Amino acid sequence: VRLRAFRASDVDRIVEACSDSETSYWLASMPQPYARDSARAYLQAIAEQAAQAIGLAWCIADPEDERCLGSISLDGLGGYAKRGEIGYWAHPDVRGGGAVAEAVRVVTRHARDCGLATSLLIRCAVGNAASRRVAERAGYRRIGIQPLSEPLRDGHVVDLVLYSSP
């Protein structure tokens, strides 16, 4: 995979990914319907987080054609402790192909090598098997459950499975 900054040309792929019923089910905080303005607001928000040194986000891109395959972020930076949280989503046409797990490995190495974080966490809704597989394939280990802490699009609130870097 290739990680790069998001571009204005990624807006349509972001809209496709974030409009997907599976993505929007698990990430209930995303506006629905998810429109081009929503994608532009997302790009603005991640630029502001980077400017404040509290979070970083990258486009997971196809190394051959630069097409946006998904997003990966490193949040929770800038506090008194060197810890962060990795979050991600994938475009529906690349799910299960390993690109997101590889991106998690790259961001994990980057966070450590650059001294951004020594402790990294990934939280996944208990029923989100795809996101949990990504964490596990990237070498993260399950460390516990955060009960009733993730609202889903259908109104249910579910447990989060916590994963930590090795």
Side-chain angles (χ1 to χ4, degrees), residues 1-78 84-111 114 116-117 120-125 127-138 140 149-156 158 160-161 163:
V1 298
R2 173 171 151 66
L3 300 185
R4 62 165 172 78
F6 276 100
R7 303 172 181 154
S9 60
D10 296 321
V11 165
D12 289 338
R13 291 282 291 178
I14 295 168
V15 170
E16 289 171 8
C18 296
S19 296
D20 175 71
S21 61
E22 189 170 339
T23 302
S24 67
Y25 179 76
W26 296 113
L27 300 175
S29 64
M30 286 186 183
Q32 288 301 313
Y34 198 95
R36 291 177 62 78
D37 285 343
S38 305
R40 286 190 284 271
Y42 169 69
L43 296 180
Q44 181 63 37
I46 62 176
E48 289 173 11
Q49 286 183 335
Q52 295 172 21
I54 59 173
L56 300 168
W58 298 267
C59 175
I60 304 169
D62 185 298
E64 293 180 18
D65 65 13
E66 291 291 316
R67 178 175 44 109
C68 175
L69 306 178
S71 174
I72 185 161
S73 62
L74 177 59
D75 298 311
L77 305 176
E85 182 172 344
I86 292 179
Y88 43 81
W89 52 257
H91 192 281
D93 67 8
V94 298
R95 286 189 189 130
V100 178
E102 180 58 24
V104 170
R105 287 189 285 272
V106 169
V107 169
T108 299
R109 280 192 305 272
H110 176 72
C114 294
L116 297 172
L120 292 163
L121 183 71
I122 296 174
R123 295 182 295 167
C124 305
N128 190 340
S131 283
R132 292 180 61 193
R133 261 191 315 276
V134 165
E136 292 163 4
R137 286 180 181 165
Y140 279 64
S149 52
E150 184 67 13
L152 303 179
R153 181 71 56 195
D154 65 6
H156 288 91
V158 298
L160 285 171
V161 181
Y163 291 91

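Predicted, not measured: the structure shown is a model, and the values here were computed from it. Hydrogens, waters and symmetry mates play no part in the numbers below; they use all other heavy atoms, side chains included.
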Legend entry - Value rounded to 0.5 Å, distance of SG in Cys59 from CZ in Arg67: 10.5 Å
Legend entry - Side-chain H-bond candidate by donor/acceptor type, Tyr140 with Thr108, under 3.5 Å: yes
Legend entry - Sidechain-backbone polar pair: Arg105 side chain, Arg137 backbone, donor-acceptor under 3.5 Å: yes
Inset, instruction - Output yes when Glu66 and Arg4 qualify as a salt bridge under the 4.0 Å nitrogen-oxygen rule, no when they do not. - result: yes
Legend entry - Where Cys124 and Arg132 come nearest, the two heavy atoms and their spacing: CB-CG, 3.6 Å
Legend entry - Distance-minimising heavy-atom pair for Ala138 and Ala101: CB-O, 3.7 Å
Legend entry - Reported CG-to-CH2 distance for the pair Leu74 and Trp58, which is rounded to 0.5 angstrom: 5.0 Å
Distance-only criterion, 3.5 Å: show the donor-acceptor pairs between side-chain atoms of residues 41-57 and protein atoms not counting sequence neighbours.
unit_1 : atom_1 : unit_2 : atom_2 : d
Tyr42  : OH     : Ser71  : OG     : 2.6
Gln44  : NE2    : Glu48  : OE2    : 3.0

Legend entry - 4.5 Å side-chain heavy-atom contact, Val158 and Glu150: yes
Legend entry - Shortest non-hydrogen separation from Ser24 to Cys18 and the atoms involved: CB-O, 4.0 Å
Legend entry - Minimum heavy-atom distance Pro33-Ser38, with the two atoms named: O-OG, 4.1 Å
Inset, instruction - Measure from the side-chain N and O atoms of Asp10 to the backbone N and O of Arg7, and report whether any donor-acceptor pair falls under 3.5 Å. - result: yes
Inset, instruction - Kindly compute the distance separating NE2 (His156) from OH (Tyr25), expressed to the nearest 0.5 Å. - result: 7.0 Å
Inset, instruction - Decide side chain to side chain contact (heavy atoms under 4.5 Å, CB included) for Phe6 and Ile14; before the verdict, give the C-alpha distance in whole Å, the side-chain angles of both, and the deciding distance to 0.1 Å. - result: CA-CA 10 Å; Phe6 276 100; Ile14 295 168; 3.8 Å; yes
Legend entry - Gap separating the CZ atom of Arg95 from the CH2 atom of Trp89, nearest 0.5 angstrom: 10.0 Å
Inset, instruction - Measure from the side-chain N and O atoms of Glu85 to the backbone N and O of Ser73, and report whether any donor-acceptor pair falls under 3.5 Å. - result: no
Legend entry - Asp62 and Arg13 ion-paired at < 4.0 Å: no
Legend entry - Lys/Arg-Asp/Glu bridge criterion (N-O < 4.0 Å) met for Glu136, Arg133: no
Legend entry - Minimum side-chain heavy-atom gap Leu121-Tyr163 below 4.5 Å: no
Legend entry - Between NE2 on residue His110 and CG on residue Leu3, distance to nearest 0.5 Å: 9.5 Å
Legend entry - For Ala61 against Leu69, the heavy-atom pair lying closest together: C-CD1, 3.8 Å
Inset, instruction - Applying side chain to side chain contact (heavy atoms under 4.5 Å, CB included), run through Ile86 and Ile72 and close with a yes or a no. - result: CA-CA 7 Å; Ile86 292 179; Ile72 185 161; 3.9 Å; yes
Inset, instruction - Return the minimal non-hydrogen interatomic distance between Pro151 and Ala28, and the atom names on each side. - result: O-CB, 3.5 Å
Legend entry - Polar side-chain atom of Tyr34 near backbone of Asp20 as donor-acceptor pair, under 3.5 Å: no
Inset, instruction - Using a 4.5 Å cut-off on heavy atoms from C-beta on, say whether the side chain of Ile122 contacts that of Tyr88. - result: yes
Legend entry - Glu16 backbone acceptor or donor facing Ser19 side chain under 3.5 Å: no
